[in-house]
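Whatever order the structure lists ligands and atoms in, that order sets their numbers, starting from 1.
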Amino acid sequence: MRNALTELGFAEDFRIALHNLRDVSDEQLIGRVRRIDRGWSTFLCVNVGEVSANTSLHERKVRNLGADVAVGDWIIVSADSERIVTVLPRRSRLVRRASSEDVRAEAQTIAANLDVIFLVHALNNASNARRLERELVLAFDSGASPVVVLTKSDSIEPSEVAAAKANVESIAMAVPVHVVSSMTGEGLDELRTHVRDGATVAVLGASGVGKSTLVNALTGTNTQETGAIRLGDNRGRHTTTAVDLVPLPEHGWLIDTPGLRAIGLWTSGRGIERAFADIFRLAEHCRFRDCKHEHEPSCAVQTAIAAGDVSEARLASMRRLVAEEAALERQQQRQQQRQSRRN
Ligand SMILES: Nc1nc2c(ncn2[C@@H]2O[C@H](COP(=O)(O)OP(=O)(O)OP(=O)(O)O)[C@@H](O)[C@H]2O)c(=O)[nH]1
Ligand SMILES: [Mg+2]
Ligand SMILES: [Zn+2]
């Protein structure tokens, strides 16, 4: 059965979660967060009693008031839109460590309930392998599927495209890599194959790589503001300032995000293992099970580096991420202990 709510991505798992909630009344609202501005969530909704009806969506605003909500979340809101009653369990969430000077570790949920994450890099910028590795770890840990998108193919010589793509593929490995131009439309149809019916796709990347322009090209609209990059260093000007859920003509949803400067790890899952699957696979062939891949004899990783199959920089990058994750886990544990002592 299709209605406006299923078009919004209200799939079976959310339906079951709603059904299992107690104390929910038909007059309350069930909706999805479209945008968050200064403590207010804008959401698209119907009355709980109408989840299976053929009614159209309303747009409402509610104060977040301490509720942990992100764009893409499914929320139950009181009938008068005064408060968020509950946030439905997320099927995936893209989280980074909030960038702050503070020593305290805090999480920032960029978006929730995603199926796919487009990791966007511009072909006219020097390739940023280390950043892409981090983004892949974050994306794998989110529970959604990453896809790498190389934009602005019109801005470099056609003869340079293949080498740039191959270079990125050597980092992305099994993750699909698409070359596109929002100006000429090149590659957009192939990219659309990742947007299944009702799927939600987040668009992530540094400022100025062309995320909002890509969102406009895929939706065939001009809803997202775009901004010229700075001359000289090709950097963006942080044109997009809020995360935004935008409908696609193919019945899916795109989430445009502001360009992130830093991609700090937050969740420790199998992200590093998946982003560096090549090194983990090699490590199974090291003589010692606890091989550090430094100076141990019969180290399969060092053998691969000597043969030029894996770069030294990639191994160093993995080590940095492993160390960052370990330090973060210690910090999270300390904070938890302090918290439970207070309670
Ligand atoms: N030549 C070319 N320019 C593009 C393409 N896509 C985007 N641009 C240009 O790149 C600049 C930045 O584009 P935006 O879409 O605003 O970039 P963004 O990633 O959304 O940046 P933030 O919102 O700051 O994070 C604009 O001047 C766009 O016109 C493309 O495919 N080809
Ligand atoms: Mg933008
Ligand atoms: Zn080894």
Exercise for review: If you have a sec, work out which protein heavy atom is nearest atom 29 (O) of ligand 1 and how many Å separate them, to one decimal?
Suggested key: Met183 CE, 3.5 Å
Check your understanding: Does Thr226 bring an N, O or S atom to within less than 2.8 Å of the Mg ion (ligand 2)?
Key -> no
Check your understanding: So which heavy atom in the protein is nearest atom 1 (N) of ligand 1, and how far is it from that ligand atom?
Key -> Asp154 OD2, 2.7 Å
Review point. Would one find an N or O of Ser212, backbone or side chain, under 3.5 Å from an N or O of ligand 1?
Key: yes
Practice item. Among all protein heavy atoms, pick the one closest to atom 31 (O) of ligand 1 and tell me residue, atom and distance. Key: Ser182 N, 2.9 Å
**Study point:** Charged N-O contact under 4.0 Å between Glu324 and Arg134
**Key:** yes
Review point. Quick one: CG on Leu114 to CZ on Arg90, what's the gap to the nearest 0.5 Å?
Key: 10.0 Å
Check your understanding: Val209 heavy atoms, cut-off 4.0 Å: which ligand 1 atoms fall inside?
Key -> 19 (O)
Check your understanding: Does Arg237 CZ have over 12 foreign heavy atoms under 6.0 Å away?
Key -> yes
Review point. Can you tell me if Thr213 has an N, O or S atom under 2.8 Å away from the Mg ion (ligand 2)?
Key: no
Check your understanding: Any nitrogen or oxygen of Lys152, main chain or side chain, under 3.5 Å from a nitrogen or oxygen of ligand 1?
Key -> yes
Exercise for review: Classify the ring geometry between Phe14 and Trp74 as parallel (under 30°), tilted (30 to 60°) or perpendicular (over 60°).
Suggested key: tilted
**Study point:** Arg91/Asp115 under salt bridge (charged side-chain N to carboxylate O under 4.0 Å, His left out): CA gap, chis, key distance, verdict
**Key:** CA-CA 9 Å; Arg91 61 154 72 153; Asp115 301 291; 3.0 Å; yes
Check your understanding: So is Gly205 in contact with ligand 1, going by heavy-atom distances below 4.0 Å?
Key -> no
**Study point:** Proximity of Thr240 to ligand 1 by residue part, where a heavy atom lies under 4.0 Å
**Key:** both
Check your understanding: Which of the atoms of ligand 1 are close to Thr213, meaning less than 4.0 Å from one of its heavy atoms?
Key -> 6 (N), 7 (C), 13 (O), 14 (P), 15 (O), 28 (C)
Exercise for review: Can you pull out the closest protein heavy atom to atom 22 (P) of ligand 1? Residue, atom name and distance to 0.1 Å, please.
Suggested key: Ser207 OG, 3.6 Å
Point to revise | Close-contact set for ligand 1 against Lys211 heavy atoms, below 4.0 Å | key: 15 (O), 17 (O), 18 (P), 19 (O), 20 (O), 21 (O), 22 (P), 25 (O)
Practice item. Within a distance under 4.0 Å of any heavy atom of Gly259, pick out the atoms of ligand 1 and give their elements. Key: 25 (O)
Revision key, fill the gap. Taking only non-hydrogen atoms of Ser181 and a 4.0 Å limit, the atoms of ligand 1 in range are 31 (O)
Point to revise | Full working for side chain to side chain donor-acceptor pair (under 3.5 Å) between Asp154 and Ser181 | key: CA-CA 6 Å; Asp154 58 283; Ser181 164; 2.7 Å; yes
**Study point:** Gap separating the CG atom of Leu44 from the CD atom of Glu7, nearest 0.5 angstrom
**Key:** 12.5 Å
Practice item. Indicate whether the side chain of Arg32 and that of Thr200 have a donor and an acceptor atom separated by less than 3.5 Å. Key: yes
Check your understanding: Going by heavy atoms in the side chains, are Arg35 and Glu59 under 4.5 Å from each other?
Key -> no
**Study point:** the Zn ion (ligand 3) - name of the N/O/S atom of His293 that sits closest to it
**Key:** ND1
Study note, to complete from the structure: A student comparing Gly210, Gly227, Pro258 should find that the heavy atom closest to atom 12 (C) of ligand 1 comes from Gly227
Revision key, fill the gap. A student checking ligand 1 against His238 at a 4.0 Å heavy-atom cut-off should list atoms 24 (O)
**Study point:** Identity and distance of the protein heavy atom lying nearest atom 21 (O) of ligand 1
**Key:** Gly208 N, 2.9 Å
Check your understanding: Should we count CZ of Arg235 as having more than 12 external heavy atoms under 6.0 Å?
Key -> no
Check your understanding: Looking at ligand 1, does any of its N/O atoms fall within less than 3.5 Å of an N/O of Arg237?
Key -> no
Exercise for review: Could you please compute the angle at the Mg ion (ligand 2) from OG1 of Thr240 to OG of Ser212, rounded to 10°?
Suggested key: 90°
**Study point:** Interfacing atoms of ligand 1 (cut-off 4.0 Å, heavy-atom, Ala228)
**Key:** 27 (O)
Exercise for review: Could you tell me which non-hydrogen atom of Ala107 sits nearest to which non-hydrogen atom of Val95, and how far apart they are?
Suggested key: CB-CG1, 3.7 Å
